[in-house]
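By convention here, the first residue in the shown sequence is residue 1.
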Amino acid sequence: MNDLRWIDVLLVEDDPGDVLLTREAFELNKVRNKLHVVNDGEQAMSFLRKEGEYADAPRPDLILLDLNLPRKDGREVLQDIKADEKLRGIPVVVLTTSESEEDILRSYNLHANAYVSKPVDFDQFISVVRRIDDFFVTVVKLPSSGQHY
(Lines give C-alpha, C1' and ligand atoms only; values in the text may rest on other atoms or scores of the structure.)
Protein backbone atom coordinates (compact mmCIF):
# COMPACT_ATOMS: atom_id res chain seq x y z
CA MET A 1 0.00 0.00 0.00
CA ASN A 2 1.54 3.26 -1.08
CA ASP A 3 -1.03 5.45 0.68
CA LEU A 4 0.23 4.68 4.18
CA ARG A 5 0.92 7.80 6.15
CA TRP A 6 3.22 8.53 9.01
CA ILE A 7 1.60 8.28 12.40
CA ASP A 8 2.67 9.79 15.69
CA VAL A 9 2.76 7.25 18.50
CA LEU A 10 3.07 8.23 22.16
CA LEU A 11 4.73 5.58 24.30
CA VAL A 12 4.08 6.07 28.02
CA GLU A 13 6.66 3.79 29.63
CA ASP A 14 9.02 4.15 32.59
CA ASP A 15 11.19 1.07 31.95
CA PRO A 16 14.20 2.10 29.80
CA GLY A 17 14.59 -1.50 28.56
CA ASP A 18 11.00 -1.62 27.30
CA VAL A 19 11.42 1.81 25.67
CA LEU A 20 14.50 0.51 23.85
CA LEU A 21 12.72 -2.68 22.75
CA THR A 22 9.75 -0.69 21.48
CA ARG A 23 12.02 1.67 19.52
CA GLU A 24 13.79 -1.34 18.00
CA ALA A 25 10.49 -2.96 17.06
CA PHE A 26 9.33 0.20 15.32
CA GLU A 27 12.64 0.61 13.49
CA LEU A 28 12.69 -3.02 12.37
CA ASN A 29 9.12 -2.80 11.13
CA LYS A 30 9.02 0.46 9.22
CA VAL A 31 10.21 4.02 9.56
CA ARG A 32 6.93 5.68 8.65
CA ASN A 33 5.90 6.31 12.25
CA LYS A 34 7.30 8.71 14.83
CA LEU A 35 7.68 7.39 18.36
CA HIS A 36 7.46 9.93 21.19
CA VAL A 37 8.29 8.74 24.70
CA VAL A 38 7.32 10.02 28.13
CA ASN A 39 8.28 8.28 31.36
CA ASP A 40 5.35 8.85 33.69
CA GLY A 41 1.66 9.63 33.77
CA GLU A 42 2.03 13.32 34.54
CA GLN A 43 4.35 13.77 31.55
CA ALA A 44 1.83 11.88 29.42
CA MET A 45 -0.97 14.29 30.30
CA SER A 46 1.31 17.31 29.79
CA PHE A 47 2.27 15.94 26.35
CA LEU A 48 -1.35 15.32 25.40
CA ARG A 49 -2.50 18.72 26.66
CA LYS A 50 0.53 20.49 25.11
CA GLU A 51 1.64 21.98 28.42
CA GLY A 52 5.07 23.33 29.38
CA GLU A 53 7.93 21.66 27.52
CA TYR A 54 5.36 19.81 25.38
CA ALA A 55 3.72 22.97 23.99
CA ASP A 56 4.71 21.94 20.44
CA ALA A 57 3.96 18.23 20.85
CA PRO A 58 1.95 16.64 18.03
CA ARG A 59 -1.40 15.06 18.74
CA PRO A 60 -0.63 11.33 18.75
CA ASP A 61 -2.54 8.99 16.46
CA LEU A 62 -1.98 6.14 18.90
CA ILE A 63 -1.00 5.81 22.58
CA LEU A 64 0.85 2.79 23.97
CA LEU A 65 0.27 2.97 27.72
CA ASP A 66 1.93 1.05 30.53
CA LEU A 67 -0.25 0.69 33.64
CA ASN A 68 2.47 0.73 36.29
CA LEU A 69 3.88 4.24 36.12
CA PRO A 70 5.40 6.63 38.64
CA ARG A 71 3.71 9.90 39.68
CA LYS A 72 0.43 9.11 37.92
CA ASP A 73 -0.66 5.54 37.36
CA GLY A 74 -1.56 4.36 33.84
CA ARG A 75 -5.12 3.61 34.92
CA GLU A 76 -5.53 7.26 35.96
CA VAL A 77 -3.99 8.41 32.67
CA LEU A 78 -6.42 6.22 30.72
CA GLN A 79 -9.33 7.57 32.74
CA ASP A 80 -8.20 11.17 32.14
CA ILE A 81 -7.74 10.60 28.39
CA LYS A 82 -11.15 9.03 27.91
CA ALA A 83 -12.85 11.70 30.07
CA ASP A 84 -11.35 14.52 28.00
CA GLU A 85 -13.48 15.45 25.00
CA LYS A 86 -10.40 16.55 23.03
CA LEU A 87 -8.40 13.37 23.74
CA ARG A 88 -10.91 10.52 23.99
CA GLY A 89 -10.81 9.77 20.26
CA ILE A 90 -7.13 8.78 20.38
CA PRO A 91 -6.81 4.97 20.40
CA VAL A 92 -5.10 3.68 23.54
CA VAL A 93 -3.43 0.29 23.68
CA VAL A 94 -2.55 -0.81 27.19
CA LEU A 95 0.85 -2.50 26.86
CA THR A 96 1.83 -3.84 30.26
CA THR A 97 3.33 -6.74 32.16
CA SER A 98 0.14 -7.22 34.18
CA GLU A 99 -1.98 -10.21 33.26
CA SER A 100 -4.40 -9.52 36.13
CA GLU A 101 -8.03 -10.08 35.19
CA GLU A 102 -8.87 -7.03 37.31
CA ASP A 103 -6.46 -4.82 35.31
CA ILE A 104 -7.80 -6.17 32.00
CA LEU A 105 -11.43 -5.59 32.99
CA ARG A 106 -10.73 -2.15 34.46
CA SER A 107 -8.81 -1.06 31.35
CA TYR A 108 -11.67 -2.02 29.06
CA ASN A 109 -14.18 -0.41 31.42
CA LEU A 110 -12.08 2.77 31.08
CA HIS A 111 -12.43 2.38 27.28
CA ALA A 112 -8.98 1.12 26.33
CA ASN A 113 -8.99 0.10 22.68
CA ALA A 114 -6.86 -2.98 23.35
CA TYR A 115 -5.03 -4.68 26.21
CA VAL A 116 -1.75 -6.44 25.42
CA SER A 117 0.50 -8.23 27.90
CA LYS A 118 4.19 -7.62 27.27
CA PRO A 119 6.03 -10.84 26.55
CA VAL A 120 9.31 -11.23 28.44
CA ASP A 121 11.01 -12.87 25.46
CA PHE A 122 12.82 -10.34 23.21
CA ASP A 123 11.64 -11.78 19.88
CA GLN A 124 8.06 -12.11 21.07
CA PHE A 125 8.08 -8.53 22.43
CA ILE A 126 9.35 -7.24 19.06
CA SER A 127 6.67 -9.29 17.30
CA VAL A 128 3.85 -7.96 19.51
CA VAL A 129 4.87 -4.31 18.99
CA ARG A 130 5.18 -4.86 15.24
CA ARG A 131 1.70 -6.38 15.12
CA ILE A 132 0.21 -3.45 17.06
CA ASP A 133 1.96 -1.06 14.70
CA ASP A 134 0.86 -3.00 11.61
CA PHE A 135 -2.72 -3.10 12.82
CA PHE A 136 -2.99 0.62 13.54
CA VAL A 137 -1.02 1.71 10.47
CA THR A 138 -2.36 -0.66 7.81
CA VAL A 139 -5.70 -2.04 9.04
CA VAL A 140 -7.42 0.57 11.19
CA LYS A 141 -8.62 3.83 9.65
CA LEU A 142 -7.48 6.70 11.86
CA PRO A 143 -8.62 10.31 11.48
CA SER A 144 -6.14 12.59 9.75
CA SER A 145 -3.58 14.04 12.16
CA GLY A 146 -4.94 16.95 14.09
CA GLN A 147 -8.56 15.97 13.46
CA HIS A 148 -10.67 15.00 16.42
CA TYR A 149 -14.29 14.78 17.35
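Criterion: ILVMFWY side-chain heavy atoms under 4.5 Å apart, direct or through other members. Under it, Ile132 and Leu20 are not part of a common hydrophobic cluster.
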### Task
Test side-chain contact (heavy atoms from CB on, under 4.5 Å) on Leu78 and Leu65 and set out the steps.
CA-CA 8 Å; Leu78 179 58; Leu65 177 66; 3.8 Å; yes

### Criterion side-chain contact (heavy atoms from CB on, under 4.5 Å) on Thr22 and Leu35, from CA distance to verdict
CA-CA 9 Å; Thr22 305; Leu35 187 65; 4.1 Å; yes

### Query
Under the side-chain contact (heavy atoms from CB on, under 4.5 Å) criterion, do Leu69 and Glu42 qualify, and how do the steps go?
CA-CA 9 Å; Leu69 298 167; Glu42 288 186 8; over 6 Å; no

#### Entry: side-chain contact (heavy atoms from CB on, under 4.5 Å) between Glu13 and Leu64, intermediate numbers included
CA-CA 8 Å; Glu13 174 60 68; Leu64 300 178; over 6 Å; no

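Rounding to the nearest 0.5 Å gives a distance of 10.0 Å between CG of Leu11 and CG of Leu62. A distance of 9.0 Å separates OG1 of Thr97 from CG of Asp15, quoted to the nearest 0.5 Å.
Within the 4.5 Å cutoff, the side chain of Val12 has heavy atoms near those of the Ile63 side chain. Inter-residue side-chain proximity for Ile81 and Arg88 is flagged as unmet; no heavy-atom pair is nearer than 4.5 Å. Using a 4.5 Å heavy-atom cutoff, the side chains of Arg71 and Asn39 are not in contact.
Among residue pairs with one or both ends in residues 45-88, those qualifying as ring-ring contact (aromatic ring centres under 6.0 Å, His included) are His36-Phe47, Phe47-Tyr54; sequence neighbours excluded.
Put simply, the residue from Leu10, Leu87, Leu48 that forms a side-chain contact (heavy atoms from CB on, under 4.5 Å) with Arg59 is Leu87. Here the rule is salt bridge (Lys or Arg N to Asp or Glu O under 4.0 Å) with Lys72, and of Asp40, Asp66, Asp80 only Asp80 fits it.
A donor-acceptor pair under 3.5 Å is formed between the side chain of Glu76 and the backbone N or O of Asp73. Side chain of Asn113 to main chain of Val93: no donor-acceptor pair is present (N/O by atom type, distance under 3.5 Å, no hydrogens or angles).
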Distance-only donor-acceptor pairs under 3.5 Å for side chains of residues 104-112, two or more places apart:
{"unit_1": "Ser107", "atom_1": "OG", "unit_2": "Asp103", "atom_2": "O", "d": "2.8"}
{"unit_1": "Tyr108", "atom_1": "OH", "unit_2": "Tyr115", "atom_2": "N", "d": "3.0"}
{"unit_1": "Asn109", "atom_1": "ND2", "unit_2": "Leu105", "atom_2": "O", "d": "3.4"}

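The salt bridge (Lys or Arg N to Asp or Glu O under 4.0 Å) search around Glu51 returns none, not counting sequence neighbours.
Ion pairing of Asp84 with Lys86 is absent here, as no side-chain N (NZ or NE/NH1/NH2) approaches a carboxylate O to less than 4.0 Å. A salt bridge is defined here as a Lys NZ or Arg NE, NH1 or NH2 lying under 4.0 Å from an Asp or Glu carboxylate O, and Glu99 with Lys118 fails to meet this definition.
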